[in-house]
Asker: 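I have a structure here, written as structure tokens, and I will follow up with some questions on it.
As the structure is a computational prediction, the values presented were derived from the model and not from experiment.
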Amino acid sequence: MADTLPNILVTGTPGVGKSYICQQIQSQLKLKWLDCSKIAKEKNFIEEFDEEYDCPILDEDKLMDYMEPLMQEGGYLVEYHGCDFFPERWFKAVFVVTCSNNTILYDRLKERNYNEKKLKSNLECEIFGTIMEEARDSYKPEIVFELKSETKQDAEKSLKIVRDWLKKWKRK
């Protein structure tokens, strides 16, 4: 098990750039990428559909049961817009992707055809730092890191932060 790669969580408000960063991490660092939203849709881990926000409601228990054996293998990059329900023991690092430029985030969410209520809710979530707060409340502070993702340059810097973290982790 000593040569097993760690599990890493990448979280953040929808539209901040999690998928782009995960795509880069997967291709460069060879971690196995688990997009929890995609898994929930493919495996039907959905409790119900929220008409007001035009989105599915995740069945967290089903997702956890599915992921548990995978997390024990190690080497997974887990992406989801929430983080407080994942067991702390699963992750050696939690990277919260942020986008403090509301115009950029607004445009990204509008491009996804979010309705006004969902758009406003997600912008407020980012403005108030809800996901970062959730991560800090759910995991040890020394494993929670912020990654900026407003530009491609930010994403490159963020990728370097993850690469440097992984190098340091491997030396332990």
Asker: Within a strict 4.5 Å, meaning less than it, do heavy atoms of the Asp54 and Phe49 side chains meet?
Answerer: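 Touching, per the 4.5 Å side-chain cut-off.
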Asker: Give a yes or no answer on whether the side chain of Ser27 reaches the backbone of Gln24 with a donor-acceptor pair at less than 3.5 Å.
Answerer: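 At least one qualifying donor-acceptor pair exists.
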Asker: About how many Å separate CD of Gln23 and CG of Leu77, when rounded to the nearest 0.5 Å?
Answerer: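 Output value for this atom pair is 11.0 Å.
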Asker: Is there side-chain contact between Trp33 and Lys38, with heavy atoms separated by less than 4.5 Å?
Answerer: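 The answer is no; the side chains never approach within 4.5 Å.
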Asker: Inspect the contact between Glu52 and Lys120 and indicate whether a charged nitrogen and a carboxylate oxygen are less than 4.0 angstrom apart.
Answerer: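 Here Lys120 does not pair with Glu52 in a salt bridge, since their nearest N and O are not under 4.0 Å apart.
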Asker: I need the minimum non-hydrogen distance between Gly12 and Lys18, along with the two atoms involved.
Answerer: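 Heavy atoms of Gly12 and Lys18 come nearest at O-NZ, 3.1 Å.
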Asker: Is it true that a side-chain atom of Glu88 and a backbone atom of Lys140 form a donor plus acceptor pair closer than 3.5 Å?
Answerer: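 It does hold such a pair.
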Asker: Using a 4.5 Å cut-off on heavy atoms from C-beta on, say whether the side chain of Ile39 contacts that of Leu63.
Answerer: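 Yes, at least one pair of side-chain atoms sits under 4.5 Å.
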Asker: Please answer: with hydrophobic residues joined when any side-chain heavy atoms are less than 4.5 Å apart, are Ile161 and Leu31 in the same cluster?
Answerer: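 Yes, because Ile161 and Leu31 connect within a single hydrophobic cluster, where side-chain heavy atoms sit under 4.5 Å apart.
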Asker: Group every Ile, Leu, Val, Met, Phe, Trp and Tyr by side-chain heavy-atom contacts under 4.5 Å, then state whether Val16 and Leu119 land in the same group.
Answerer: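 Linked, Val16 and Leu119 end up in one cluster.
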Asker: What distance do Leu5 atom CG and Glu73 atom CD have between them, rounded to the nearest 0.5 Å?
Answerer: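 Between Leu5 CG and Glu73 CD, I get 12.0 Å after rounding to 0.5 Å.
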Asker: Is there side-chain contact between Leu9 and Cys83, with at least one heavy-atom pair below 4.5 Å?
Answerer: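 Sidechains of Cys83 and Leu9: in contact.
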Asker: Taking atom CZ of Arg108 and atom OG of Ser149, what is their separation to the nearest 0.5 Å?
Answerer: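 So the gap between those two atoms works out to 5.0 Å.
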Asker: Can you tell me if Arg136 has over 12 outside heavy atoms packed within less than 6.0 Å of its CZ?
Answerer: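 Counting other residues, nucleotides and ligands, CZ of Arg136 stays at 12 neighbours or fewer.
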Asker: Are the side chain of Asp59 and the backbone N or O of Ile46 linked by a donor-acceptor pair below 3.5 Å?
Answerer: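 No, the answer is negative, given that no donor and acceptor are paired below the 3.5 Å cut-off.
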Asker: Going by side-chain heavy atoms closer than 4.5 Å, which hydrophobic residues are tied to Ile127, directly or by a chain of links?
Answerer: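 Under the 4.5 Å side-chain rule, Ile127 groups with Phe128.
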Asker: Can you tell me if Glu111 has over 12 outside heavy atoms packed within less than 6.0 Å of its CD?
Answerer: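 For Glu111, atom CD is not crowded (no more than 12 foreign heavy atoms under 6.0 Å).
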Asker: Do the side chains of Ile131 and Phe86 join up, straight or via other hydrophobic residues, at under 4.5 Å, putting them in one cluster?
Answerer: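 Cluster IDs for Ile131 and Phe86 match.
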Asker: Using only atom types and a distance under 3.5 Å, with no angle test, would you say the side chain of Ser158 pairs donor to acceptor with the backbone of Asp154?
Answerer: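 Pair found, side chain donor or acceptor close to backbone of Asp154.
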Asker: Please round to the nearest 0.5 Å and tell me the distance separating atom NZ of Lys110 and atom CG of Asn115.
Answerer: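 Lys110 atom NZ to Asn115 atom CG measures 9.0 Å (nearest 0.5 Å).
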Asker: Does Pro14 reach the side chain of Arg112, with side-chain heavy atoms less than 4.5 Å apart?
Answerer: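 In contact.
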Asker: Rounded at 0.5 Å granularity, tell me how far OG1 in Thr11 sits from CD1 in Ile8.
Answerer: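 Separation between the atoms: 14.0 Å.
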Asker: With side chain to side chain contact (heavy atoms under 4.5 Å, CB included) as the criterion, how do Glu60 and Phe45 come out once you've worked through the C-alpha distance, each side chain's angles and the decisive distance to 0.1 Å?
Answerer: CA-CA 8 Å; Glu60 295 173 2; Phe45 297 158; over 6 Å; no
Asker: A cation-pi test, strictly: NZ or CZ of Lys152 under 6.0 Å from the centre of the six-membered ring of Tyr20 and no more than 45 degrees from its axis. Yes or no?
Answerer: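 Verdict for Tyr20: a cation-pi partner in Lys152.
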Asker: With a 4.5 Å cut-off on side-chain heavy-atom distances among I, L, V, M, F, W and Y, is there a chain of contacts connecting Met67 to Ile25?
Answerer: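 No, separate clusters.
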Asker: Side chains of residues 92-106: which donor-acceptor pairs under 3.5 Å do they make with residues two or more places apart or in other chains?
Answerer:
from	atom 1	to	atom 2	distance (Å)
Thr98	OG1	Glu146	OE2	2.8
Ser100	OG	Glu150	OE2	2.6
Asn101	OD1	Thr103	N	3.0
Asn101	OD1	Ile104	N	3.1

Asker: Treating Ile, Leu, Val, Met, Phe, Trp and Tyr as nodes and any side-chain heavy-atom pair under 4.5 angstrom as an edge, say whether Phe145 and Phe91 lie in one connected cluster.
Answerer: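 The answer is no; the residues belong to distinct hydrophobic clusters.
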Asker: Looking at Tyr76, does the NZ or CZ of Lys32 lie under 6.0 angstrom from its six-membered ring centre and within 45 degrees of the ring axis?
Answerer: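 Yes, Lys32 and Tyr76 form such a contact.
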Asker: For residues Ala40 and Leu58, report the shortest heavy-atom separation together with the two atoms involved.
Answerer: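 Heavy atoms of Ala40 and Leu58 come nearest at CB-CD1, 3.6 Å.
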Asker: Do Asp84 side-chain atoms and Glu134 backbone N/O form a donor-acceptor pair below 3.5 Å?
Answerer: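 Checked: no pair found.
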Asker: Going from NZ on Lys62 to NZ on Lys43, what distance comes out if it is rounded to the nearest 0.5 angstrom?
Answerer: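 Between atom NZ of Lys62 and atom NZ of Lys43 there are 12.5 Å.
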Asker: Is the shortest heavy-atom distance from the side chain of Leu34 to the side chain of Met71 under 4.5 Å?
Answerer: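 Side-chain contact under 4.5 Å: yes.
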Asker: Any idea which heavy atoms bring Val144 and Ala135 closest together, and the distance?
Answerer: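 The pair with the smallest heavy-atom distance is CG2-O, 3.8 Å.
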Asker: Could you tell me whether Lys160 and Asp164 have a side-chain N and a carboxylate O separated by less than 4.0 Å?
Answerer: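 Salt bridge flag = yes for Asp164 with Lys160.
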